[in-house]
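Worksheet: one structure, shown below.
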Amino acid sequence: MKLILTADVSGLGGPGDIVEVKDGYGRNYLLPRGLAIVATKGAAKQVEVIRRAQETRRVRDLDHAKEIKAALEGLGAVALKAKSAKGSGKLFGSVTTSDVVSAVRSAGGPTLDKRAIELAGHIKTTGHHAVTVRLHPEVTVSLSVDVSSAS
């Protein structure tokens, strides 16, 4: 199935790219979520419009991403409380990207999209953990998360 992407899709391409995907992936995932449109002659003409709009947004987004990066770097270590077993430091469950977003927001930082946060692995213990925030293809921030036991 030939599709034209309307948004960034990890591992596939960016807005305006014409891609060939399996029918089920296109029909069940990309099209219902508005991430792509079916490649037709009329849609092919829209590719240029999508690319121009994306190019103007990219410059503005890059500047905005740098501002958010500066705000995140100014926060330092972000404190996050989670339930844990007494004495062992093991968490009941694990820290999710949503937990990190709410911890950054409560620390006075900017509101982030949980999809922009990349955890190195499952955070299942208390202590300091490094988290990567991908704000833009050219801008990433390493954020320190201090997980402590909630009483």
Side-chain angles (χ1 to χ4, degrees), residues 1-22 25-40 42-84 91 93-150:
M1 170 181 270
K2 271 195 169 182
L3 298 174
I4 299 172
L5 298 178
T6 58
D8 283 324
V9 179
S10 179
L12 199 55
D17 291 347
I18 299 174
V19 294
E20 182 79 28
V21 295
K22 293 194 176 188
Y25 181 58
R27 189 174 44 249
N28 298 326
Y29 183 77
L30 295 174
L31 292 174
R33 286 174 173 76
L35 299 174
I37 55 175
V38 178
T40 61
K45 293 176 184 176
Q46 291 178 343
V47 169
E48 196 58 38
V49 174
I50 292 171
R51 285 197 177 148
R52 270 189 267 134
Q54 182 66 21
E55 197 61 40
T56 58
R57 238 182 280 129
R58 182 171 292 142
V59 174
R60 186 177 68 230
D61 288 344
L62 179 61
D63 294 336
H64 187 66
K66 288 180 180 177
E67 291 173 12
I68 294 173
K69 178 180 178 179
L72 288 174
E73 288 173 343
L75 286 177
V78 175
L80 192 142
K81 294 202 180 266
K83 291 184 178 182
S84 65
L91 300 180
S94 62
V95 174
T96 64
T97 55
S98 298
D99 295 333
V100 175
V101 168
S102 62
V104 168
R105 195 174 325 135
S106 65
T111 302
L112 299 172
D113 183 8
K114 69 178 186 177
R115 294 172 291 189
I117 296 175
E118 297 173 357
L119 301 174
H122 295 290
I123 299 176
K124 294 187 171 214
T125 59
T126 58
H128 298 287
H129 299 278
V131 174
T132 304
V133 181
R134 186 171 304 282
L135 300 169
H136 188 269
E138 300 172 16
V139 180
T140 58
V141 181
S142 181
L143 185 65
S144 178
V145 177
D146 184 19
V147 181
S148 61
S149 178

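We count residues from 1, following the sequence as given. The figures here come from the full heavy-atom set of this structure, side chains too, leaving out hydrogens, waters and symmetry mates.
- At least one side-chain heavy atom of Leu91 sits less than 4.5 Å from a side-chain heavy atom of Ser84.
- Remark: Asp99 engages no residue in a salt bridge (charged side-chain N to carboxylate O under 4.0 Å, His left out) (not counting sequence neighbours).
- Of the options Val141, Val139, Leu135, a side chain to side chain contact (heavy atoms under 4.5 Å, CB included) to Ile68 is made by Leu135 and by none of the others.
- Taken to the nearest 0.5 Å, the CG atom of Leu31 stands 9.0 Å off from the OG1 atom of Thr6.
- Contact annotation: the side chain of Leu12 approaches that of Tyr25 to within less than 4.5 Å [non-hydrogen atoms, C-beta and beyond].
- When all heavy atoms of Gly26 and Leu3 are compared, the pair lying nearest together is CA-CD1, 3.8 Å.
- Listed by chain and number, the residues in a side-chain contact (heavy atoms from CB on, under 4.5 Å) with Arg33 are Tyr29, Leu35 (sequence neighbours excluded).
- Judged purely by atom type and a 3.5 angstrom limit, Asp17 uses its side chain to pair as donor or acceptor with the backbone of Gly14.
- Partners of Thr126 by side-chain hydrogen bond (donor to acceptor under 3.5 Å, both in side chains), not counting sequence neighbours: none found.
- Taking all atoms of both residues into account, the shortest heavy-atom contact from Val147 to Ala82 is CG1-CB, 4.4 Å.
- For Ser98 against Lys114, the heavy-atom pair with the smallest separation is OG-CD, 3.4 Å.
- Residues Leu143 and Gly76 approach most closely at CD1-O, 4.1 Å, considering heavy atoms.
- The side-chain hydrogen bond (donor to acceptor under 3.5 Å, both in side chains) test applied to Asp146 returns no partner, not counting sequence neighbours.
- A 4.5 Å side-chain heavy-atom check between Val19 and Val9 finds every atom pair outside the cut-off.
- With a 4.5 Å cut-off on side-chain heavy atoms, Val78 and Val100 do not count as touching.
- Two residues are said to be in side-chain contact when any heavy atoms from C-beta on lie closer than 4.5 Å; Val145 and Val95 fail this criterion.
- Residue pairs that meet the salt bridge (charged side-chain N to carboxylate O under 4.0 Å, His left out) test with at least one member in residues 125-135, sequence neighbours left out, are Glu118-Arg134.
- Of all heavy-atom pairs spanning Leu75 and Gly109, the tightest one is CD1-CA, 3.7 Å.
- When all heavy atoms of Glu20 and Met1 are compared, the closest pair comes out as OE2-N, 3.0 Å.
- For the salt bridge (charged side-chain N to carboxylate O under 4.0 Å, His left out) condition, no pair includes a residue of residues 66-79, sequence neighbours left out.
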Exercise. Determine, step by step, whether Thr97 and Val131 satisfy the side chain to side chain contact (heavy atoms under 4.5 Å, CB included) criterion, reporting the C-alpha distance in whole Å, the side-chain angles of both residues, the deciding distance to 0.1 Å, and the verdict.
Key: CA-CA 9 Å; Thr97 55; Val131 174; over 6 Å; no
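- The backbone N or O of Lys124 sits nowhere less than 3.5 Å from a side-chain atom of His122 that would complete a donor-acceptor pair.
- Between Leu80 and Ser148, the closest side-chain pair of non-hydrogen atoms is not below 4.5 Å.
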